[in-house]
Peer 1: 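Have a look at this one before I ask anything.
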Amino acid sequence: MNMIWILRVLSFADLVFIPRTNAGYRPAMVVELKYNKSADSAINQIKTNRYQGALKGYSDKVLLVGINYDAEGKEKKHHTCVIEEWNHGDGEW
């Protein structure tokens with residue numbers, strides 16, 4: 001695998017993926033997971049709490065990823081996903 005994983009700590013994103021230097025061009029990702037809410041609310045939480053700050057100093061592309069899992073019945077799980085590119089000039093780290 002060509003990613004370093006940083007797992008959840010209190011008040012931080014659920015997952016942050018940082019590409020290794022020898023992985024070629026791959027974006028870093030800040031991932032927030034939700035259950036029975038919305039993928040948009042996950043993206044809003046990343047932005048509101050500035051979780052992308054975990055990548056301060058990272059100069060390549062950063063993706064913000066919100067994933068929501070919904071339960072429909074006992075045997076089906078559906079998910080939605082929203083992915084946005086974070087532009088370093090869009091706000092504070």
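Owing to the predicted nature of the structure, the values given are computational and were not obtained by experimental measurement.
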Peer 1: For S38, give me all partners under side chain to side chain donor-acceptor pair (under 3.5 Å), at least two apart in sequence or on another chain.
Peer 2: S41
Peer 1: Look only at the side chain of N68 and the backbone of L33, and say whether a donor-acceptor pair between them is shorter than 3.5 Å.
Peer 2: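 Checking the backbone N and O of L33 against the side chain of N68, no donor-acceptor pair under 3.5 Å is found.
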Peer 1: Can you see which heavy atom on I46 is nearest to which on V65, and at what distance?
Peer 2: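 Of all heavy-atom pairs spanning I46 and V65, the closest is CD1-O, 3.6 Å.
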Peer 1: Atom CZ of R26 and atom CG of D60: how far apart are they, to the nearest 0.5 Å?
Peer 2: 13.0 Å
Peer 1: side-chain contact (heavy atoms from CB on, under 4.5 Å) with I83: which of I67, L63, V31?
Peer 2: L63
Peer 1: What are the two closest heavy atoms between A42 and G66, and how far apart are they?
Peer 2: CB-CA, 3.6 Å
Peer 1: Would you indicate whether the side-chain heavy atoms of K61 and Y25 approach each other to under 4.5 Å?
Peer 2: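 When only atoms from C-beta onward are counted, K61 and Y25 do touch, with a gap below 4.5 Å.
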Peer 1: When rounded to the nearest 0.5 angstrom, what distance separates NZ in K37 from CD in E32?
Peer 2: 9.0 Å
Peer 1: Which heavy-atom pair separates K47 from E84 by the least distance, and what is that distance?
Peer 2: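 Taking K47 first and E84 second, the nearest heavy atoms are NZ-OE1, 2.7 Å.
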Peer 1: For a side-chain contact (heavy atoms from CB on, under 4.5 Å) check, start with the C-alpha distance between H78 and T80, then their side-chain angles and the critical distance, and finish with the verdict.
Peer 2: CA-CA 7 Å; H78 298 280; T80 56; over 6 Å; no
Peer 1: Check whether any side-chain heavy atom of W86 sits under 4.5 Å from a side-chain heavy atom of P27, and report yes or no.
Peer 2: no
Peer 1: CG of N44 to NZ of K34: how many Å apart, nearest 0.5 Å?
Peer 2: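 The NZ atom of K34 is 9.5 Å from CG of N44, to the nearest 0.5 Å.
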